[in-house]
Every structure is written in structure tokens, then in C-alpha cells.
Amino acid sequence: MAVGFRTRIFAASLAVAAAALALATVIIAWELRREERAFIEQRLRDQTRLIAELLSSGATTGADLEGEADRLAELLQARVTLIAADGRVAGDSTLDGADLAAMENHSTRPEVQQARTGEVAVVERYSTTVDADLLYAAVRATHPEIAYVRVALPLTAVAEQVRRVGVNALLAFALAAPVAVALAWLSSWLLSRRLEEIAAVARRYNTGDLAKPAYDFGDDELGTVARVLDASVQELARRLEELSRDRARMEAILSGMVEGVLVLDREGRVQSVNRAAQAMLHVDEAAIGRPYLETIRHPDISAQLTTALAGGQAEPRELPLARDGRRTFMARAAPVGGASGGAVLVLHDITDLRRADQIRRDFVANVSHELRTPLTAIRGYVEALADAHDGAESAETRGFVEVIARQTARMERLVADLLRLARLDARQETIDVAPCDVGQICAAVRTDLAPAIDARRQRVTISVDDAARTVPADAAKLHDIVRNLVENAVNYSPEAAEIHLEAARRNGAVDIVVSDSGPGIPPSDLTRVFERFYRVDRSRARPGGTGLGLAIVRHLVELHGGRVRAENRPEGGARFTVTLPG
């Protein structure tokens, strides 16, 4: 059976009180016994001196000494012995007549020998005369026949007096014990009552009622501890209330989101999943608290979450989550920082966006394809008109025919670029990777664009490092990349300008750099120059350009697994850098 706290406090208080009382009783009893013994010894000394003084002032001699010893012993309730200077016993209250004469010489007795110094001697020893332990006191006397007076008290009498002191001490202990018990019970009751009141407050806190109590915990150490704990609970209640509000706000936000959100803890267990994510991943609220590998059946999403839980950055991926594949989602997983850890998965439904994009691509491809036939016919008839003239028509007519021919060629280039972008968007173009000579491709591009370069009196310099002379790529597509960039530089550089075409190997990749001497690109437009039909500004729109060349360059570079970037040169002009894996 478990012992209650109040019982333990009472037992401890009682034990402490009893130990203290017992110790006090022992100390007091010992001190009283010591004082009683000292009092008895002092009384013997006083009695001995008194007898010696009485004998010195009286005229008691001979046989009267024996009677005097008996009379004094009766008065003092002690043994009185009168000893001559030679050690002969002249009188003793315990012996008479022949027995007195037969007594041993007392000159060798310890008390007699000590009394010769003039002081009162007190000795405790065994007496062969009376066969008992006695306490002796002896002193010198100034009497004609008596040299020493000795008074003896049996130790049994001394012990009896000391015993009475011990009995009285025990009686005091017995009388004080109930008081100690009552005080121990009272103190334990008061302490347990305070603890019960504190425990009642704690139980109320445990039920969820965190209102601050009006109870005064007191000013002692127990009250201090209770106040500190109460302040901690109140602070915890405040924080829990804030967390509850934040959680309710977060759940409201997540519930209203069209994006799916799934939250994992550091051990990979599902902590939260909103309604959108439940519909996308085909899970329910029963998934909360379970490992994500048991609830999410999509391997790509599981791989993203595994990477995020390990602290890595997972790349966003487009995933078909529906069984029929008609819906497309963008999945992004990211690690959660801080001590809690974990990961967050966000799912965006991009089905409508991808459908609209596909419609746009199909429209561009279909329109471009449909435009090729009439454009081809127009170009054929224009060429026939140009070849069939006999010089009879006017110069104005010839100018009209040339304009028609020039604009037809431009429309054909635009349609061709649109069709190529459509194929690139649809990933219908493949690459045939083989070692390519970068120097030869650069030289071929310069030869192809020689008429335009010469017409503007420009100069194209080629610088190819030996380490970058060969790169694995599709030669035709690499030629298209370099041609588009050089053509762009020719169109935007002023007459008699110099265009630099360089190739170098850096960090295991090959960089192909085309630098022009044009007006440069505003910093706000550097990230948009590779968008289709994007112009830096209207004033730079040039006749003959389709506005799709840089977009085609970006697609072709990405098809090779590389990247392209644009920047401004410190000395003026723009610089385009194509980085291909080497």
C-alpha cells in the first residue's frame, strides 16, 4: 500500500522532532548527572571540612572520638572515619571496639595521602572494610589526636540520586513527546494542505483551464517554486493560444488553396495534408501520422520528398497524377529549416496552362504549315514575273516586284522559324551528337554571312583555343546556333564594326562567345531577350528579322544540355555566351 505524502511528511517531522528531543534529553540528563555528581562531591567536601573544624574547636578525645564519629555519621547519613597522624583509625561509624582496633592502618589510603597536601581529597574506590564501592572525601584536621577526617558515601546512594535525575529526564521526555507529535502532525497538515491547494491548481491546468488562480502561494521557498511554475504555465498557455490561432489560420489558408500542400515531419510522417492535396494524391485524413512511403504511391513525388528530407533541393517536375494522364501537375518539394525539420510538398495543377500552351503550339504549327503553300506559290509567280519582263515595264513596276519578292522571302523565313520552334517545343527534333570542329563551323558561318558582312563593311574575327576546338554536338544545329548569334551581331552592330567570335574551354565545358559593338542591352531586358518575338525596344526593330532567332538558339542549346546567357560588355556592345558540355 502506497504511503501518502502527508504521512511521509508527518513521519519525517516526527522523526526529526523525536531525534531532537531524544538528543536534548540525553544531553540534559548527562549534564544533570554530571552536576549531581559534582554536587555530591562538593557536599562531601563541605561535610569533611565542617567535621574537621568541629573537631578542632572541641575537646573530644579517647573513647569519645568513637562516639563522635557515630553521632556525625548519623547526622550526615554517611560513613565518618577519624584517622590519627600515624594512620591508626581512632573512630569509625561502621565499627566499634575490637573491630575498630583490628582495622588496617589508613596511612596508605589514596585519600589520606592526597589530604596531606592540605586540600580536600575526593577518591572513588572499593572499601575492603565494608565490602562496597565508596566515594571518599578526606581533609587534614588540627586536633591533638586526629590528623585526618574522612567522610565516605556509598556509590549506591550516589547512583540512586543520579538515577532520580535520569528518571526525571525521561519523564520530561515522555511529557514532551506528545507535544512533539502534535506539532509534527500540525506542520505536516499545514504543508500537505498547501501542497493539495497547489496540486488542485495543477489538476485544473491539466483539464485545460489555464485561468490564473487567485490562490496565494505564500512567501517561503515552496511559494516561490509554485509561483515560478505557475508563471511558466501561464507563459505556456499564452504560447499555446498563439500556436492555436496560427494553426487555425494556417488550416484556413491551406483549406482555401487550390494548390495541394503536404507537410512531413523530420521522420517522414505526414503532419498535414489539405483538401486539394487529398484529391490530387488520392489520400484522406487517415494518412496523417503515417510514413509518406505508405500513403504516396507516386515514385517521382516520393523521390522528391526523400531528397527534401535529406536537406537537398529537389528540382520541380511536371507529373501526370491521374490514371488517364489527362491532368498535369507541377510538384515542388523543399526542406523545412529549424529544429523541427521535415519537408513540404506543393502541387500546382497546370493542366489548363499546358492545354492552352498545346493549343497555341498546334495553332502556330498549323498556321505556319498552311502558310507555306501560298507563300511558295507567291514566290514562284514573283520569280516568273521578274524573269519574264522584257524591259518594257516601268521602273516602278520592277520596284513593286522586288518588294513583293523581299517580303515573301521574309514571310517564308518567319514561317520556317515558327515551324522549327513548334517542333522544338514538341520535342520532335533529335540531335545526332558527334565530335565537331568549332573552328570550321565558325568559318562556315562567316562564309555564309559574308554578303551581309561585306555590305556593312564589318569584320568578323575568329579565335578558337586548341583545347576547345572539338566539342560533342550536332554539327547542323551548332551551325544554326552560331549563325543566329553572328547574324544578330551583324544586324545590331554599326557599319565598319568588328565582331568577335571566340571559343575556350572552362571548367570542363566549352564556351562559344559572340561579341558585338552595338548599343548593348538594357539590364532589365537581359533576362527576356531569348523570348520569342521579344524586342528590346521598338526603335531597334530591324526589317528582315523574325524576332525568333534567339528563342531558337536557347532551345537548341538546351537540347544539347547546355545554357546560353546575355550580358553587356564593359567597353560597349552585347556579348552572348553559349556553354556546351565538353
Side-chain angles (χ1 to χ4, degrees), residues 412-453 458-493 498-516 518 521 526 529-532 534 544-567 569 573-582:
E412 285 184 330
R413 288 197 304 272
L414 176 60
V415 170
D417 289 344
L418 286 173
L419 285 173
R420 187 163 199 184
L421 277 175
R423 290 195 302 270
L424 289 170
D425 286 340
R427 296 180 175 85
Q428 294 176 352
E429 286 206 15
T430 59
I431 58 173
D432 185 12
V433 178
C436 300
D437 190 324
V438 177
Q440 289 183 1
I441 291 176
C442 292
V445 169
R446 182 174 59 182
T447 301
D448 292 345
L449 298 176
I453 294 172
Q458 296 172 343
R459 189 164 64 92
V460 178
T461 61
I462 299 175
S463 174
V464 179
D465 292 346
D466 292 339
R469 185 162 294 277
T470 303
V471 63
D474 187 312
K477 291 180 175 56
L478 182 58
H479 181 278
D480 293 341
I481 292 171
V482 177
R483 179 190 174 98
N484 274 311
L485 292 177
V486 174
E487 186 176 10
N488 187 73
V490 169
N491 290 330
Y492 282 108
S493 294
E498 187 172 357
I499 298 170
H500 301 282
L501 186 55
E502 305 169 90
R505 184 175 293 275
R506 297 183 183 89
N507 300 324
V510 174
D511 288 347
I512 301 174
V513 183
V514 178
S515 305
D516 62 40
I521 304 171
L526 284 173
V529 293
F530 295 101
E531 296 179 8
R532 63 191 68 187
Y534 185 77
T546 63
L548 300 175
L550 292 181
I552 293 174
V553 167
R554 187 192 65 183
H555 280 80
L556 291 176
V557 170
E558 291 176 351
L559 193 62
H560 283 80
R563 63 184 184 277
V564 60
R565 67 181 184 276
E567 58 188 344
R569 300 169 61 198
R575 177 165 51 223
F576 292 85
T577 303
V578 174
T579 302
L580 298 176

In sequence, state the C-alpha distance, the side-chain angles, and the governing distance for Phe576 and Leu550, and then conclude on side-chain contact (heavy atoms from CB on, under 4.5 Å).
CA-CA 10 Å; Phe576 292 85; Leu550 292 181; 4.0 Å; yes

Take Asp480 and Ile552 through the side-chain contact (heavy atoms from CB on, under 4.5 Å) test and state the conclusion after the steps.
CA-CA 9 Å; Asp480 293 341; Ile552 293 174; 5.9 Å; no

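Counting all heavy atoms, side chain and backbone alike, Cys436 lies closest to Ile441 at CB-CD1, 4.0 Å. Minimum heavy-atom separation, Arg459 to Ile453: N-CG2, 4.4 Å. A pairwise comparison of heavy atoms in Gly518 and Ser493 identifies N-OG, 4.0 Å as the closest pair. Heavy-atom minimum distance, Ala489 versus Val514: CB-CG1, 4.1 Å. In plain terms, the two heavy atoms of Val471 and Pro581 that are nearest each other are CG2-O, 4.0 Å. For the residue pair Val557 and Val564, the shortest heavy atom distance occurs at CG1-N, 4.1 Å.
Under the salt bridge (Lys or Arg N to Asp or Glu O under 4.0 Å) criterion, Arg569 pairs with Glu571, not counting sequence neighbours. For Arg563, the salt bridge (Lys or Arg N to Asp or Glu O under 4.0 Å) criterion is met by no residue, not counting sequence neighbours. Taking the salt bridge (Lys or Arg N to Asp or Glu O under 4.0 Å) definition, one finds that Asp465 meets it with nothing, sequence neighbours left out. Judged as a side chain to side chain contact (heavy atoms under 4.5 Å, CB included), and not counting sequence neighbours, the contacts of Leu526 are Ile521, Ala566, Asn568. Partners of Glu558 under the salt bridge (Lys or Arg N to Asp or Glu O under 4.0 Å) rule, at least two apart in sequence or in another chain, do not exist in this structure. Every residue meeting the side chain to side chain donor-acceptor pair (under 3.5 Å) condition with Thr461, not counting sequence neighbours, appears here in chain and number order: His500. Not counting sequence neighbours, the partners of Glu567 by the side chain to side chain donor-acceptor pair (under 3.5 Å) test are Arg575.
Among residue pairs with one or both ends in residues 431-452, those qualifying as salt bridge (Lys or Arg N to Asp or Glu O under 4.0 Å) are Asp437-Arg469, Asp448-Arg483; sequence neighbours excluded. Note on residues 499-512: pairs passing salt bridge (Lys or Arg N to Asp or Glu O under 4.0 Å), not counting sequence neighbours, are Arg506-Asp511.
Atom CG in Asn488 sits 7.0 Å away from atom CG in Asp516 (nearest 0.5 Å). With rounding to the nearest 0.5 angstrom, the CG atom of Leu556 is 12.5 Å from the NE2 atom of His479. Atom CD of Gln440 is separated from atom OG1 of Thr470 by 9.0 Å, given to the nearest 0.5 angstrom.
For the pair Ile512 and Leu478, the minimum side-chain heavy-atom distance is below 4.5 Å. Within the 4.5 Å cutoff, no side-chain heavy atoms of Val513 are placed close to those of Val578.
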